[in-house]
Amino acid sequence: MKAYVGPKGEIRLFRPDMNAKRLARSMDRLCFPEFDQQDFLHGLKELVKMDKEWIPKEKGYSLYIRPTAIGTNHNLGVAASDSVKLFIINSPVGPYYPNGFKPIRLMVDTEHRRAWPGGTGAYKL
């Protein structure tokens, strides 16, 4: 997810609601407990306001926002974690392509998949 500074100096977030839903799906896939998405979004927006000086104002730059959830059990094993920490990392970022975006040609294959059905390809893990 990213935050930008708009033309009037306002902070703009790119699809925060969809990112919260994706995080919830990913946490569910890991058997982590549910979280209140509205509370999460409220906290996210407050954090971005606090970090507003970190949002670059140059064209092509933004504040990268990375919500993260980790299991924090005190043991190592193959089981769902009963203790989870949900946190957000913010970092200013620049353009991926410093000399401008140069499209490439790709072949789309509708027969083969990146992830096996039932795998984790649809989740941010």
Side-chain angles (χ1 to χ4, degrees):
M1 179 174 5
K2 294 184 178 180
Y4 304 89
V5 176
K8 297 178 183 173
E10 75 279 12
I11 298 171
R12 294 182 174 181
L13 292 172
F14 182 67
R15 304 186 318 183
D17 54 333
M18 292 178 75
N19 276 272
K21 287 177 187 172
R22 180 181 184 186
L23 178 62
R25 280 193 319 270
S26 297
M27 288 180 62
D28 180 62
R29 180 69 170 95
L30 291 169
C31 299
F32 286 173
E34 290 183 25
F35 65 96
D36 185 302
Q37 292 182 37
Q38 293 306 312
D39 284 349
F40 170 79
L41 288 170
H42 175 73
L44 167 74
K45 290 173 184 177
E46 290 300 312
L47 175 62
V48 171
K49 285 180 194 174
M50 288 174 38
D51 284 354
K52 67 182 176 189
E53 298 303 318
W54 286 95
I55 305 173
K57 294 170 183 56
E58 298 90 350
K59 183 178 179 182
Y61 292 75
S62 61
L63 182 70
Y64 181 72
I65 304 166
R66 174 55 131 178
T68 305
I70 58 172
T72 56
N73 280 12
H74 294 287
N75 59 342
L76 182 60
V78 183
S81 181
D82 58 10
S83 176
V84 175
K85 183 176 282 194
L86 174 59
F87 58 96
I88 301 171
I89 300 170
N90 289 342
S91 177
V93 294
Y96 290 113
Y97 306 99
N99 297 324
F101 181 72
K102 295 178 182 158
I104 60 171
R105 292 178 181 253
L106 296 174
M107 181 185 90
V108 176
D109 184 343
T110 58
E111 183 179 346
H112 299 93
R113 295 190 177 102
R114 179 175 72 99
W116 193 258
T120 59
Y123 307 96
K124 191 77 166 186
L125 305 178

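The first residue in the sequence is number 1, and the count goes up from there.
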**OP:** Mark yes or no for whether Ser62, through its side chain, and Tyr64, through its backbone, hold a donor-acceptor pair below 3.5 Å.
**Re:** no
Subject >> Shortest non-hydrogen contact between Leu63 and Pro56, atoms and distance >> reply: N-CD, 3.9 Å
Original post:
How many angstroms lie between atom CE of Met1 and atom CG of Leu23, to the nearest 0.5 angstrom?
Top reply: 8.0 Å
Subject >> Closest non-hydrogen atom pair, Tyr61 against Tyr4 >> reply: O-CD2, 3.8 Å
Original post:
Between Ile11 and Trp54, is there a shared hydrophobic cluster once you connect ILVMFWY residues whose side-chain heavy atoms come closer than 4.5 Å?
Top reply: yes
Original post:
Counting distance only, does the side-chain N/O of Glu10 pair as donor-acceptor with the main-chain N or O of Lys8 below 3.5 Å?
Top reply: yes
Subject >> Distance-minimising heavy-atom pair for Lys57 and Val5 >> reply: CG-CG2, 4.1 Å
**OP:** Nearest 0.5 Å please: distance from the CD1 atom of Ile65 over to the CZ atom of Phe14.
**Re:** 12.0 Å
Original post:
Any donor-acceptor pair under 3.5 Å linking the side chain of Asp82 with the backbone of Asn73?
Top reply: no
Subject >> Interatomic spacing from CZ in Phe40 to CG in Leu86 - rounded to 0.5 Å >> reply: 5.5 Å
Original post:
What distance do Leu44 atom CG and Lys49 atom NZ have between them, rounded to the nearest 0.5 Å?
Top reply: 11.0 Å
**OP:** Run the numbers on Lys21 and Arg25 for side-chain contact (heavy atoms from CB on, under 4.5 Å), then give the verdict.
**Re:** CA-CA 6 Å; Lys21 287 177 187 172; Arg25 280 193 319 270; 4.2 Å; yes
**OP:** State, to 0.1 Å, how close Ala24 and Phe35 come at their nearest heavy-atom pair, and which atoms those are.
**Re:** CA-CE2, 3.6 Å
Subject >> Heavy-atom pair with the smallest gap, counting every atom of Ala20 and Leu41 >> reply: CB-CD2, 4.0 Å
Original post:
Got Ile55 and Val48 here, is their nearest side-chain heavy-atom distance under 4.5 Å?
Top reply: yes
**OP:** Any chance you could measure Arg66, atom CZ, to Ser91, atom OG, to the nearest 0.5 Å?
**Re:** 12.0 Å
Subject >> Where Ala3 and Leu13 come nearest, the two heavy atoms and their spacing >> reply: CB-CD2, 3.6 Å
Original post:
Looking only at atom types and distance, does a side-chain atom of Asp36 sit under 3.5 Å from a main-chain N or O of Asp39, one as donor and one as acceptor?
Top reply: yes
**OP:** Look at atom CD of Glu46 and say whether more than 12 heavy atoms of other residues, nucleotides or ligands are closer to it than 6.0 Å.
**Re:** yes
**OP:** With the side chain counted from C-beta on, respond yes when Arg12 and Pro7 share a heavy-atom pair under 4.5 Å apart, and no when they do not.
**Re:** yes
**OP:** Supply the atom-to-atom distance Asp51 CG to Asn90 CG, rounded to the nearest 0.5 angstrom.
**Re:** 5.0 Å
